[in-house]
Every structure is written in structure tokens, then in C-alpha cells.
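Reading through the C-alpha cells given below for one structure.
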2 protein chains.
Amino acid sequence: MTPSVEEISEHLLKHNIKPSYQRIKILEYLVTKRNHPTADEIHKELVKEIPSLSKTTIYNTLKTFIETNLARVITIEENETRYDADISDHGHFKCDECGSIYDFRVNIDILEPDELESFKINEKNVYYSGICKKCISKEEG
Amino acid sequence: MTPSVEEISEHLLKHNIKPSYQRIKILEYLVTKRNHPTADEIHKELVKEIPSLSKTTIYNTLKTFIETNLARVITIEENETRYDADISDHGHFKCDECGSIYDFRVNIDILEPDELESFKINEKNVYYSGICKKCISKEEG
DNA sequence: TTGCATATTTGTAATGATTACATTTGTATT
DNA sequence: AATACAAATGTAATCATTACAAATATGCAA
């Protein structure tokens, strides 16, 4: 669950990315936190450890990760691009109350829409929104 | 398929929105074009007919439409909020080649993720991306 | 090791979508 | 017509993202 720096480095190398200090830290953040952060949230956290860390580096690195399929973009909400190092098919739920984003397992392949028969599908995203369990019990309690 | 101004007005009134000239035009655009436009695209088109039309009005009106469930937001791509007057459950496919967005019918309800059992789900979105039929045949031809 | 070429990071400035807000215009009612 | 209220407009501010040039680090050849 919490991979070592060596494992993170190998993960990068497998995708033909040189494991620089910044890249390791950013991927480590994504993989261990699993919190679907924005670029700004990553920066705010990592700049504590790497004071020189620039926001441009965050954006550059994330772009590299997306291109090499190390991470994917979550655009569940307008005005905030979020990132996820979990590449497997899964859905995202955003709570309109507290803003939390939850992962949920879902078998997207059973959908098979007829109208896309001759289309080449590269990516599938399922986004739900509403009120999460925690916020519901808070309102009731 | 192409509703009259009267029908558009009624549609607005049913949702408790006063049918001003601008609102009628913006809703008419969404309903007849069905092209999932950005706020800017709507403005660019309608300003030809209404030279005084302000972008703020576009944003205000779209916000009103969203709040009253006359339209919904499509956030299939980062950096572009798009709008859709079709409220029914359906998926969206974005072609990475030509940028077109296609609607497709899909029975989202069969997914029923266990992990969201105690969650209140208000909205469900299914976004696919890849290469559309047209672009595939273009590449082959 | 030194020097050179290249890749990566950094900082600043620009861009572009969206929002805030104050002003103006339009509409309805008395 | 006078007033009150709603809607539309224009300008300025905000904020995420990108562009770009300069600085730094890395790898490799001599």
C-alpha cells in the first residue's frame, strides 16, 4: 500500500520516465494518498519538503504521467482538474456537501452502447455526484 | 425537433424562469443545435443576432438553467465546461481526433455499485473518449 | 576529471475562462 | 408617470493553466 522509493522509481522506469527527485515525490504522493488531488494541492503539500518546487514542474510532470499512462485525469467538476494514479476502470463519486471524491468498483464493460459500435474507445469514465454516507448521517444525527 | 419560440417560452415558464429575449435565444440554441457548446461558443453565435449580448448574461443564464434542471454541465474535457439541454440519462463520447462530442443511449442504472449503497446519488455521468467512426474511415480511406 | 550536450526544473509573464460587482436597461404594477 | 424589482451589461478581478526563457542538473565522451 505504501511503496518504497525504489518501487516508485521502477514504476517510472517501466514507463520510460527518468526517476528524478521531483517525479518520484509527485508519483509517490499520488500513489500513497489516493486522494484525487488538484495540481495545486500536490504543490501545497510537496513544497513543504521541496521548497524550490515550482508549480510548472507539477504541471509538466502530471502531463508526462498522463501521456505515459501512469495517471489519468478526473474532470468530475468544472474548474478543477484532478489526477489519479489508479489506471484501472473504476468510477468516481463526488459529494456535493463535503467535496470528497470516492472511488467505486464498477463493471463498465457491461454497458456496451450500440451506437458506438464502430468507434474506437480509449477511455471510459463514470462520474456520480450526490451526498455521501458521512454527510447523510451528519444531517440525520 | 425545432421547437417554436412559444414552446421554448413555455419550457422556461414550466421551470419558473421568466422568458426574456436572451433566455429564449440561449435555450433555443441549446435545444435546436444539441452540440454541447461552451459558453463562448453560444456567445459567438448569438452575438451576431443580439450585438449587445454580454458574456456575463450567457454565464448567468446557464447557471439559472443548471439550477432549475433545464440543462446540465458536461465536464468531459478539462478547461472546457460544456452545456447540454438534454436532461435524460445518456452518455457522451468525445473524439480525440476531431473534438466532436456524440450522445449515446446507455442504461446507467444496471451498474448499481455496491459501495454506494448508502449514498444519495443525484447525477450520473458516463464519459467515453477515443476515435469516432468518421475519423476512423478518414484514416483508412 | 573536465567539458559539452541534453534533459529537467524553475520563475515570470501571458492567456483564457469564469466570477464579482456596480451600472444600466427593461418590465410590471399602482 | 412613478416606483420597485428583475434582468442584462460592461469592466475589472480572480484563478488555473500554459508559454517561454533562464538556470540547474545529469549523462557521456574525450
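Labels below follow one simple rule: chain letters A, B, ... track the order of the sequence lines, proteins then strands, and each chain is numbered from 1. Just so it is clear, the values below take in all heavy atoms, side chains as well, and ignore hydrogens, waters and symmetry mates.
A distance-only check finds a donor-acceptor pair linking the side chain of B/R23 to the backbone of B/K18 [under 3.5 Å]. Judged by distance alone, with hydrogens and angles left aside, the side-chain atoms of A/Y127 form a donor-acceptor pair with the main-chain N or O of A/T75 at under 3.5 Å. With hydrogens and angles ignored, the 3.5 Å screen pairs a side-chain donor or acceptor of A/T61 with a backbone N or O of A/T57.
OP1 or OP2 of C/dT18 lies within a sub-4.0 Å distance of a side-chain N or O belonging to B/T81. Between A/S52 and the phosphate of C/dT10, there is a side-chain N or O to OP1/OP2 separation shorter than 4.0 Å.
The line from CD of A/E67 to NE2 of A/H15 is 13.5 Å long, rounded to the nearest 0.5 Å. Atom CG of B/L111 sits about 7.5 Å away from atom CD1 of A/I108, to the nearest 0.5 Å. To the nearest 0.5 Å, atom CD of residue B/E7 and atom CD1 of residue B/I24 are 12.5 Å apart. Taking OG1 of B/T2 as the reference point, atom CD1 of B/I8 lies at 9.5 Å (rounded to 0.5 Å).
Using a 4.5 Å cut-off on side-chain heavy atoms (C-beta onward), A/F93 and A/S129 make no contact.
Put simply, CG on B/L53 is 14 Å from C1' on C/dT25, counting in whole angstrom units. To the nearest angstrom, C1' of C/dT9 lies 11 Å from CD1 of A/I50. Put simply, CG on B/L46 is 16 Å from C1' on D/dT9, counting in whole angstrom units. The interatomic distance linking B/E41 (CD) with C/dT18 (C1') rounds to 16 Å, in whole Å. One atom, CG of A/L62, and another, P of D/dT17, lie 10 Å apart when rounded to the nearest Å. In this structure, the CD atom of B/E77 is 16 Å from the C1' atom of C/dG16, given to the nearest Å. At whole-Å resolution of the value, CZ in B/F65 and C1' in D/dA7 are 13 Å apart. Rounded to an integer number of Å, the gap from CZ of B/R82 to P of C/dT18 is 10 Å.
Proximity note for A/T57 (side chain, C-beta onward) versus C/dT18, C/dT10, D/dT9: the nearest is C/dT10.
Using a 4.0 Å cutoff on non-hydrogen atoms, the parts of residues 9-29 of chain A near DNA chain C are A/K18, A/S20, A/Q22, A/R23, ordered by number.
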Between the protein and nucleotides 19-22 of chain C, are there any N/O to N/O pairs under 3.5 Å, and if so, what are the atom names and distances?
{"residue": "C/dA20", "atom": "N6", "partner": "B/T56", "partner atom": "OG1", "Å": "3.4"}

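Ring orientation note: the planes of A/Y128 and A/F104 are tilted relative to one another, at an angle of 30° to 60°.
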